[in-house]
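Each ligand, and each atom within it, is numbered from 1 in the order the structure gives.
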Amino acid sequence: MGHCVVPEAEAILDKEFPVLDKGFIRLVDYMGGDERVVQSARVSYGEGTKSYREDAGLIDYLLRNSHTSPFEQIVLTFHVKLPIFVARQWVRHRTARLNEISGRYSVMKDDFYVPAPSDVSLQSEDNKQGRSAEALEAGAAEKIRAAFAEGQKAAYAAYTNFVDEGIARELARINLPLSLYTEWYWQIDLHNLFHFLQLRMDAHSQKEIRLYSEVMFEITKKVAPRCCESFERHILGGVRFSGEELAEIKRRLGGADAAGGLSGKALARFEEKLKQGRQI
Ligand SMILES: Cc1cc2nc3c(=O)[nH]c(=O)nc-3n(C[C@H](O)[C@H](O)[C@H](O)COP(=O)(O)OP(=O)(O)OC[C@H]3O[C@@H](n4cnc5c(N)ncnc54)[C@H](O)[C@@H]3O)c2cc1C
């Protein structure tokens, strides 16, 4: 019942998993695993250890029924290197603890994100917050990438000039762009990590943070594989239906004509949800 050691997690401790062109995630530490969720749930039910199959069933039951607190007993600490614009989105998740490199104290490294050619796209026409699924043709994408790199080089040269002239580092940095990489230690419990992953692995999230989330999910599977399996089955591949949408589903299952229930934008939203969901 003491400290949980998960061999698969031990094997990847400190290993850097690359993300984007210069970023990474590594698992610094973890506390607990599937076993800890089961132990803590059984404490609240006043029951002892049971078989492996029953344990997996219990985890699935807890997750399906939003009995979330046993998942808070697992804690993970990640070291992440990420562009500042990704960090801006990431930091909105308030239920974590973090420590970031200080640009007031340290000289920032010459590390900037330049999107791969396949990621350079026009503004999406139907999604105001996203990019079109199609990349620009190779020559045009290379031009954009070169322009990004040129701007980054100029901004970094100005920054180092300021630092060399003795300007305070906290001021010298203020013209550095959002593509600059930063680093932090980020610690979160599994319940809140699942919430983060649900939002940030979703297709509506920006691709760059989605890639980090996907890598983080693979790492988390090493720590708590059965919890992740239940999360993938019941939450990640799912969508939430409203009361009127549920009525529409019942109507359709009852054999009624698809038309005639929801209409207009409500129908379009419903149809969109039916198309959503991850392949599992
Ligand atoms: C695709 C996408 C697009 C987004 N676009 C924008 C945007 O355009 N502009 C923008 O500003 N943000 C945007 N966000 C950020 C979004 O609004 C949330 O801030 C972010 O997803 C974090 O979610 P959260 O608050 O549920 O998570 P957490 O901060 O991790 O909180 C988890 C849960 O804890 C509870 N909680 C935490 N803190 C409090 C509190 N102080 N009071 C009450 N309850 C609390 C809430 O129930 C919350 O759901 C976007 C997010 C996504 C995924």
Side-chain angles (χ1 to χ4, degrees), residues 19-20 23 25 27-32 37 40 62-80 82-100 113 115 119-134 177-179 182 184-220 223-224 227-228 230-232 234-242 245 265 268-280:
V19 193
L20 303 181
I25 303 185
L27 180 66
V28 175
D29 210 350
Y30 67 96
M31 183 174 76
V37 171
S40 43
L62 295 169
L63 204 110
R64 250 186 3 253
N65 292 289
S66 305
H67 186 355
T68 52
S69 51
F71 299 96
E72 292 171 28
Q73 298 284 346
I74 300 182
V75 177
L76 300 101
T77 305
F78 299 98
H79 177 189
V80 190
L82 68 175
I84 290 174
F85 71 92
V86 175
R88 285 277 301 272
Q89 298 175 339
W90 198 309
V91 82
R92 298 301 306 277
H93 298 265
R94 297 158 288 177
T95 46
R97 292 159 291 282
L98 77 87
N99 286 96
E100 187 177 6
Y113 168 62
D119 287 328
V120 181
S121 312
L122 293 178
Q123 174 64 38
S124 163
E125 279 175 13
D126 54 358
N127 175 3
K128 289 196 175 114
Q129 228 182 11
R131 70 188 84 162
S132 138
E134 269 182 41
L178 294 177
S179 54
T182 184
W184 63 33
Y185 267 41
W186 193 69
Q187 187 190 69
I188 193 161
D189 66 62
L190 188 62
H191 164 59
N192 284 296
L193 177 58
F194 279 161
H195 180 64
F196 175 93
L197 294 175
Q198 185 190 3
L199 291 171
R200 299 302 178 177
M201 285 172 77
D202 187 89
H204 294 94
S205 254
Q206 182 162 348
K207 181 172 182 184
E208 283 78 5
I209 195 167
R210 215 164 61 223
L211 293 176
Y212 278 92
S213 308
E214 284 166 5
V215 171
M216 205 151 49
F217 187 42
E218 290 307 310
I219 294 175
T220 307
V223 177
C227 295
C228 290
S230 293
F231 170 67
E232 206 158 14
H234 300 298
I235 297 177
L236 207 53
V239 260
R240 193 170 65 189
F241 291 108
S242 66
E245 288 168 339
K265 284 192 175 160
R269 273 197 304 272
F270 174 70
E271 298 284 0
E272 181 58 33
K273 281 189 189 175
L274 292 182
K275 282 190 239 141
Q276 273 178 34
R278 290 172 87 244
Q279 294 294 318
I280 52 170

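Nearest protein heavy-atom contact of atom 44 (N) of ligand 1 is Arg94 NH2, 4.8 Å. In this structure, the protein non-hydrogen atom closest to atom 5 (N) of ligand 1 is Gln129 NE2, 3.1 Å. From the protein, the heavy atom lying nearest to atom 23 (O) of ligand 1 is Leu199 CD1, 3.8 Å. Among all non-hydrogen protein atoms, the one lying nearest atom 15 (C) of ligand 1 is Arg200 NH2, 4.0 Å. Nearest protein heavy-atom contact of atom 13 (C) of ligand 1 is Arg92 NH1, 4.1 Å. For atom 26 (O) of ligand 1, the nearest non-hydrogen atom of the protein is His195 NE2, 2.6 Å.
Between His93 and Phe196, the ring planes are perpendicular. Angles over 60° get that label, and only those under 30° would be called parallel. Below 30°, between 30° and 60°, or above 60°: for Trp184 and Trp90 the angle between ring planes is above 60°, a perpendicular geometry. Relative orientation of the Phe194 and Phe71 rings is tilted, given thresholds of 30° and 60° on the angle between their planes.
In terms of modelled atom types and a separation under 3.5 Å, the side chain of Ser121 and the main chain of Ser132 share a donor-acceptor contact. Distance alone, capped at 3.5 Å, is enough to place a donor-acceptor pair between the Gln123 side chain and the Gly130 backbone. Under the 3.5 Å distance criterion, the side-chain polar atoms of Asp189 are matched with a main-chain donor or acceptor of His191.
Protein heavy atoms are absent from the 4.0 Å sphere centred on atom 47 (O) of ligand 1. There is a protein heavy atom less than 4.0 angstrom from atom 32 (C) of ligand 1. Atom 37 (C) of ligand 1 is flagged as protein-proximal [any protein heavy atom, distance under 4.0 Å]. Contact annotation for atom 18 (C) of ligand 1: protein absent (non-hydrogen atoms, distance under 4.0 Å). Of the protein's heavy atoms, at least one falls inside 4.0 Å of atom 51 (C) of ligand 1.
Salt bridge annotation for Glu208-Arg131: present, with a cationic side-chain nitrogen under 4.0 angstrom from a carboxylate oxygen.
Residue Thr95 places at least one N or O, backbone or side chain, under 3.5 Å from an N or O of ligand 1. Considering backbone and side-chain N/O atoms, His204 never comes within less than 3.5 Å of an N/O atom of ligand 1.
In terms of heavy-atom proximity, Tyr212 sits nearest to Gly23 at OH-CA, 3.6 Å.
A donor-acceptor pair shorter than 3.5 Å can be found between the side chains of Asp202 and His204.
Contact annotation: for Gln206 versus ligand 1, there are no heavy atoms closer than 4.0 Å.
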